[in-house]
Amino acid sequence: MFPGIDGFHWTFGHILFLLLFFAVALTIVAIVASAAWRTAQDFRNHHAIDLCWHTEFAQLPDSARRCRHELAGRVISRTCDNAFDCRHCSKYLQFAVLPPAGHLHLSGLDYPDDRYYHRGHTWVKPVEDGNVTVGLDELARHLVGTPDFCNLPKVGEELELNQTAWRMKKNGNEILVRTPIEGTVVAVGGPERDWYLKICPRFDLSEPVTLRHLLRGPEVSGWTNRELERLQEQLEAAHTPPALADGGVLLPDLMNVIPDADWESVLADTFLQL
Amino acid sequence: MASRVLTDSRWIARGESRTSFSRFLLWLAPWTALLLVGIYAAFLCLYHGLNQTNMDNRFAFGLWIFLDLGIIALGAGAFFTGFLVYILKRVELKPILNTAVVVGFICYSGAVAILMIDVGQPLRAWFTFWHPNTHSMLTEVTFCISCYLLVLCLEYIPILLRNPQLRRLPSFLVFDHQLHRLIPVLAAVGAMLSFFHQGSLGGLYGVLRGRPFAFRSGILIWPSTFFLFILSAIASGPSFLMLVTAAVEKITGRKLVANEIFRRLALISGVLLGIYVAAKSIDTLIWLNITSPSEGFAPWQFYIHKPFGTPILFAEIVLFGLLPAFLLTFRATASRRGWLLCAAAMACAGVLLNRFVLTVQTLALPTLPFDDFLQYTPSWQEVASFAGVIAYGVIVYSLSYRYLPMFGSSKGEHADVSGN
């Protein structure tokens with residue numbers, strides 16, 4: 001057939017057939033190479049984490065994707081289609097000027113006003129030196145209590161928004177906590193302190209848009225109430241008849257108090273993991 | 001002391017209910033045993049040679065080629081569904097796209113595995129790429145099937161990467177996303193390759209001038225069997241998908257696909273089957289009245305050897321062709337699950353019968369005055385290899401169903417990401 005083989009002669013048939021075949025084969029190879037090259041590019045441009053988050057966000061149930069303006073009672077119903085990144089939401093300003101309504105009471109959980117809250121149950125608190133501290137919010141702390149193991153990032157590490165910031169283990173369950181703000185880790189705390197990470201933000205904090213993707217004010221109470229309702233349903237013993245809320249408060253260290261619950265699902269829903 | 005229960009729940013998507021790991025292993029056990037017997041039989045054929053089979057120089061195509069042609073036709077649901085979803089934008093069929101890809105992958109990889117045994121010396125399989133006979137339809141088939149298997153592997157990878165544990169690796173997730181964006185190109189390439197190799201498999205028989213039972217006239221360089229194979233494959237592929245899905249629903253006791261999708265597949269399958277039956281009838285009439293007499297054979301001569309009488313022709317065209325085409329097309333019958341599955345099974349049986357006739361009946365019939373009518377019974381090694389491929393298919397599908405998202409939800413699996 002090919003040169004170097006006895007009796008070989010090129011014909012039009014050879015050329016046409018082989019051209020077609022190699023064109024197809026090259027297309028297939030090019031597709032794989034292109035996907036691999038684009039993947040490498042995404043990692044180089046810090047776009048990979050964003051892509052992962054968008055893909056995972058699309059998989060979240062509708063109940064977990066409610067718009068902050070719905071949580072604050074500014075609109076009746078709205079599903080977020082912007083991966084919780086209000087900085088790039090074209091509708092944000094249109095709804096933000098509306099007055100909030102309802103859900104202004106918190107069920108015994110402390111959510112101070114000086115912090116901004118991420119849907120993955122972390123908070124961001126600007127501090128005097130221009131950095132921010134990041135910690136677990138009250139609901140997450142009530143669930144996890146003191147983790148058995150905590151793997152924090154190294155100082156100097158670059159973190160992207162919604163990337164896994166740190167990992168914890170509790171009673172054999174792995175917990176991945178998402179980063180609420182992009183930046184560089186400048187110090188690490190831990191469960192024994194109030195905060196887990198101190199981050200130098202990538203963007204200027206004096207710009208109002210920098211922290212716009214995080215919840216504040218009436219949005220926090222609306223969101224927390226829904227999260228508590230979800231938690232109550234998930235921790236309810238099987239075959240329990242429907243009951244009215246009794247107005248009780250959340251017990252601390254719930255993972256030890258109710259060890260037999262489906263913690264895999266509870267933790268995944270709480271920390272926005274698939 | 002609390003006993004440790006063997007579990008694989010970390011590998012199963014959250015919110016999906018699956019049977020216990022021990023019951024799953026129990027389900028896999030007999031299929032694994034069958035696969036091992038098949039591997040042993042294949043080893044015998046490769047080690048001792050094709051004398052382990054009951055084929056010979058005169059009866060060179062047997063059970064294996066029948067299996068190849070059959071499962072390649074039934075696996076056509078993969079490329080045809082991809083073609084419908086990505087090229088013709090029939091997005092309502094998207095929920096069954098993953099299962100179609102897995103079924104196609106199983107069918108084609110199984111067919112290639114059997115071909116590797118059938119060529120006798122698989123170490124020389126590369127010869128076909130270095131010394132291709134560009135005048136042979138078999139060369140085109142080899143090239144297209146090799147390329148299409150590669151395409152199916154690439155289509156299977158994104159499904160594989162959606163396993164909950166693999167998803168946790170960002171590089172896999174991003175690669176999956178990027179590959180998925182290029183899937184329409186793959187679907188188009190796959191459709192082109194499939195059209196050609198399905199056709200060439202049919203053309204392979206149609207050009208056999210020395211086998212007047214199979215020889216057909218046609219259009220330009222393509223005998224009519226070229227087009228009939230394409231039509232029958234794309235007609236039976238959706239029916240086979242329905243059968244597989246219904247079987248999985250029955251075994252798992254879960255509703256996996258909406259009735260509307262079944263009805264849509266039934267309509268596609270039924271209409272295409274109707275067109276195929278019409279084309280096949282015209283082709284048979286031309287062959288009976290023109291092609292065969294012009295080659296010096298009275299057509300009735302081919303039907304005097306029992307059991308290959310005219311009832312097979314009737315079964316191929318009417319019983320497993322026209323009848324299921326009606327049942328699948330009309331809403332009254334297609335809306336009833338029993339009728340629908342019965343018709344789908346008949347459509348699949350029809351395409352298998354067609355491949356059997358062209359492979360086995362063609363070779364069994366005498367063509368020269370001194371020829372005898374040949375009888376061929378496959379050896380146990382052939383049957384075991386055949387069964388091994390079926391077991392392989394069941395195992396791969398079972399693992400895929402348990403650990404991968406085989407049936408899509410109404411929600412998009414891949415969100416469009418701005419800025420990309």
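Reckoned from all heavy atoms, side chains included, excluding hydrogens, waters and symmetry mates. A, B, ... follow the sequence lines: proteins, then strands. Residue 1 opens every chain.
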**OP:** Apply the side chain to side chain contact (heavy atoms under 4.5 Å, CB included) test between A/Leu51 and each candidate in B/Asp176, B/Leu173, B/Val174; give the one that qualifies.
**Re:** B/Val174
Original post:
Heavy-atom distance under 4.5 Å to chain A: side chain of B/Ser146, backbone, both or neither?
Top reply: neither
**OP:** With rounding to the nearest 0.5 Å, note down the distance linking OG1 in B/Thr139 to CZ in A/Phe21.
**Re:** 11.0 Å
Subject >> Rounded distance (nearest 0.5 Å) linking atom CG of B/Leu154 with atom CD1 of A/Ile31 >> reply: 7.5 Å
Original post:
Within a radius of less than 6.0 Å around NZ of B/Lys255, do more than 12 heavy atoms belonging to other residues, nucleotides or ligands occur?
Top reply: yes
Subject >> Nearest-0.5 Å distance that lies between atom CG in A/Leu20 and atom CZ in B/Phe196 >> reply: 7.5 Å
**OP:** Tell me, yes or no, whether the heavy-atom count around B/Arg254 atom CZ, taken from other residues, nucleotides or ligands under 6.0 Å, exceeds 12.
**Re:** yes
Original post:
Can you name the closest pair of heavy atoms from A/Ala36 and B/Phe175 and give their distance?
Top reply: N-CE1, 3.6 Å
**OP:** Sort A/Leu176 into side chain, backbone, both or neither according to what part of it lies under 4.5 angstrom from a heavy atom of chain B.
**Re:** side chain
Original post:
Does any heavy atom of chain B fall under 4.5 Å from the side chain of A/Glu174, the backbone, both, or neither of them?
Top reply: side chain
Subject >> Part of A/Ser265 lying under 4.5 Å from any heavy atom of chain B >> reply: both
**OP:** Against chain A, label B/Ile183 side chain, backbone, both or neither, depending on which of its atoms sit under 4.5 Å from a heavy atom there.
**Re:** neither
Subject >> Exceeds 12 heavy-atom contacts within 6.0 angstrom, atom CZ of B/Phe172 >> reply: no
Subject >> Separation of B/Gln178 CD from A/Thr39 OG1 (nearest 0.5 Å) >> reply: 5.0 Å
Original post:
Does any non-hydrogen side-chain atom of B/His177 lie less than 4.5 Å from one of A/Asp42?
Top reply: no
Original post:
Once you round to the nearest 0.5 Å, how far does SG of B/Cys147 lie from CZ of A/Phe22?
Top reply: 9.5 Å
Subject >> Min side-chain heavy-atom separation A/Phe43-B/Pro170 under 4.5 Å >> reply: yes
**OP:** Could you give me the CA-CA distance, side-chain angles and deciding distance for B/Arg167 and A/Gln59, then say whether side-chain contact (heavy atoms from CB on, under 4.5 Å) is met?
**Re:** CA-CA 12 Å; B/Arg167 285 187 75 96; A/Gln59 301 283 301; 4.1 Å; yes
**OP:** Would you indicate whether A/Ile76, at its atom CD1, is surrounded by more than 12 heavy atoms from other residues, nucleotides or ligands within a distance under 6.0 Å?
**Re:** no
**OP:** Please state whether the side chain, the backbone, both or neither of A/Gln273 comes within less than 4.5 Å of a heavy atom of chain B.
**Re:** backbone
